[in-house]
Amino acid sequence: MSRFDRLQRRVDKRERLLEGRYEQVQERKQVLLKTWREAWTPGRIVVAGLVTGFFMGRAEPVKIAVKSGNLMQIVSLLSGLFAGAGAQEAADEAGQAAGQAGRAARAAGQAADGAQAAAERSAA
């Protein structure tokens, strides 16, 4: 068995694995959507509306405080704090994704090199 055949089998195996994972994701997505829809019962919708209405009614005094400027400074300070934490988390995830992409690129390069070498051997 040539190296090219082994590489072809590895690629086929990885493709089947990827297709299986894709099907799992689709199934889990459907379960999540179904669960989400079932969770929104009429009672919960009414409660969510009441809570939202309550907070909107409470927001009127907050608008007056915002006009004074002090509350706005606090809100901007807190938003900067949360944005910094979110940016750090996003940067960590991006670093992990870049590492995975690098590994995938190396594997694809090795497969391409093997395919090219096999093609050259068969042409010779």
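Remember, it's a predicted structure, so these values are computed and weren't measured experimentally. Atoms considered below: every heavy atom in the structure, side chains included; atoms not considered: hydrogens, waters and symmetry mates.
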What donor-acceptor contacts under 3.5 angstrom involve side-chain atoms of residues 5-13, with partners at least two apart or in another chain?
unit_1	atom_1	unit_2	atom_2	d
Asp5	OD2	Ser2	OG	3.3

Got a sec, which hydrophobics cluster with Val25, joining ILVMFWY side chains under 4.5 Å apart, including via others? none
Is Leu50 isolated, or which residues cluster with it under the ILVMFWY side-chain rule of less than 4.5 Å, directly or via members? Val46
Pairs in or reaching into residues 20-29: which pass side chain to side chain donor-acceptor pair (under 3.5 Å), with residues at least two apart or in two chains? Tyr22-Gln26
Under a single-linkage rule joining Ile, Leu, Val, Met, Phe, Trp and Tyr whose side-chain heavy atoms are separated by less than 4.5 Å, which residues share a cluster with Trp40? Trp36, Ile45
